[in-house]
Asks: 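Right, I'll just put the structure down here and ask away after.
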Amino acid sequence: MDESSLKPRMPIRRFDVFAEYNRLEALRDGLPEDEAKGHGLWIAKVVASKKFSRKSHEMKSPSEEKKAAPAAGKWHTLDGEEQTDALFEKEIVARMGPDFYRDVFAPTLGAAVKQGLSYKAIRDTIRAEWKPEE
């Protein structure tokens, strides 16, 4: 199948772009692939939860801060759930479709990161043409 004809299963969200962008940065910083996936997903969720929190302007209690704290082991946890590579595969890759992720999404974001483009510079433009089939 021609990569230009591949369509995502679902709309591509800023969240997806942010998770992948952070996965790529984690790889660049030396994390192994599995940990980089978990890290990218964790960062995206932490940022999204702060952005959409009703209490975003208030200080969080120590117990709330611990919910988003990095785990002592291999995986970060969020609300008691480990943010793993398998969860990245389920929540990011499977949602858009593995073929689209592998052949279109990941390579396109990889090229953008390699060029030194910031997340803010690409978050909307990079996904503008990626519409699911109707």
Side-chain angles (χ1 to χ4, degrees):
M1 181 178 278
D2 179 7
E3 95 178 32
S4 65
S5 67
L6 283 175
K7 304 274 186 205
R9 292 180 59 242
M10 304 289 286
I12 303 300
R13 310 164 293 185
R14 280 183 176 182
F15 180 89
D16 302 319
V17 175
F18 194 64
E20 179 68 11
Y21 189 91
N22 282 287
R23 179 190 76 83
L24 293 167
E25 286 194 331
L27 284 173
R28 186 189 64 210
D29 293 344
L31 279 182
E33 178 67 32
D34 62 341
E35 289 182 47
K37 285 181 178 180
H39 180 79
L41 184 61
W42 176 76
I43 290 287
K45 286 181 178 181
V46 168
V47 170
S49 71
K50 287 182 180 184
K51 181 177 180 181
F52 294 110
S53 172
R54 290 184 200 145
K55 299 179 185 179
S56 62
H57 62 283
E58 299 175 14
M59 293 284 283
K60 288 189 174 188
S61 70
S63 63
E64 288 177 312
E65 285 295 329
K66 284 186 178 183
K67 289 181 184 176
K74 183 175 183 175
W75 306 111
H76 294 284
T77 59
L78 190 58
D79 293 329
E81 181 178 30
E82 290 183 330
Q83 302 300 299
T84 65
D85 56 335
L87 196 56
F88 181 95
E89 291 289 327
K90 176 184 172 188
E91 294 183 5
I92 304 294
V93 178
R95 184 179 177 281
M96 68 179 64
D99 293 338
F100 181 82
Y101 175 84
R102 180 191 62 241
D103 296 340
V104 179
F105 186 79
T108 302
L109 263 74
V113 169
K114 191 173 184 177
Q115 290 175 24
L117 299 174
S118 71
Y119 163 73
K120 286 184 178 182
I122 65 168
R123 68 183 177 198
D124 294 321
T125 56
I126 205 161
R127 63 194 180 95
E129 300 297 317
W130 294 336
K131 306 290 184 208
E133 289 188 26
E134 295 180 13

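Numbering starts at 1 and runs along the sequence shown.
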Asks: At what distance, to the nearest 0.5 angstrom, does CD of E35 lie from CG of D29?
Replies: 12.5 Å
Asks: Before you tell me yes or no, could you show the steps for W75 and D85 under side-chain contact (heavy atoms from CB on, under 4.5 Å), namely the whole-Å CA-CA distance, both residues' side-chain angles and the distance that decides it to 0.1 Å?
Replies: CA-CA 9 Å; W75 306 111; D85 56 335; 3.5 Å; yes
Asks: Where is the tightest heavy-atom contact between R9 and P132, given as atom of each residue plus distance?
Replies: O-CB, 3.7 Å
Asks: One pair to check against side-chain contact (heavy atoms from CB on, under 4.5 Å): R28 and L24. What are the steps and the verdict?
Replies: CA-CA 6 Å; R28 186 189 64 210; L24 293 167; over 6 Å; no
Asks: Once you round to the nearest 0.5 Å, how far does NZ of K7 lie from CD of E129?
Replies: 8.5 Å
Asks: Atom CZ of R23 and atom CD1 of I43: how far apart are they, to the nearest 0.5 Å?
Replies: 14.5 Å
Asks: For the pair Q83 and E81, evaluate side-chain contact (heavy atoms from CB on, under 4.5 Å) and give the outcome as yes or no after the intermediate values.
Replies: CA-CA 6 Å; Q83 302 300 299; E81 181 178 30; 3.9 Å; yes
Asks: Could you check whether any side-chain N or O of K120 sits under 3.5 Å from a backbone N or O of L117, counting only pairs where one atom can act as donor and the other as acceptor?
Replies: no
Asks: Does L87 belong to the same Ile/Leu/Val/Met/Phe/Trp/Tyr cluster as V93, with side-chain heavy atoms less than 4.5 Å apart forming each link?
Replies: yes
Asks: Please give me the minimum heavy-atom distance between D16 and E91, naming the atom from each residue.
Replies: OD1-O, 4.4 Å
Asks: Please report the closest heavy-atom contact between L27 and P32, naming both atoms and the distance.
Replies: CD2-C, 4.1 Å
Asks: Is there a continuous path of hydrophobic side-chain contacts, each under 4.5 Å between heavy atoms, that joins L31 to V113?
Replies: no
Asks: Are the side chains of E25 and N22 in touch, meaning some heavy atoms are under 4.5 Å apart?
Replies: yes
Asks: Just grab all the ring pair (Phe, Tyr, Trp, His ring centres under 6.0 Å) pairs involving residues 93-127, residues at least two apart or on different chains.
Replies: F18-Y119, F100-W130, Y101-F105, F105-W130
Asks: Is there side-chain contact between E20 and F88, with at least one heavy-atom pair below 4.5 Å?
Replies: yes
Asks: Nearest 0.5 Å please: distance from the CE atom of M10 over to the CE atom of M96.
Replies: 11.0 Å
Asks: Search all heavy atoms of I92 against all heavy atoms of A19 and return the closest pair with its distance.
Replies: CD1-CB, 4.0 Å
Asks: Grab the two heavy atoms, one from L109 and one from V17, that are nearest each other, plus how far apart they are.
Replies: CD2-O, 3.6 Å
Asks: Do you know the tightest heavy-atom contact between P11 and R95?
Replies: O-NH1, 2.7 Å
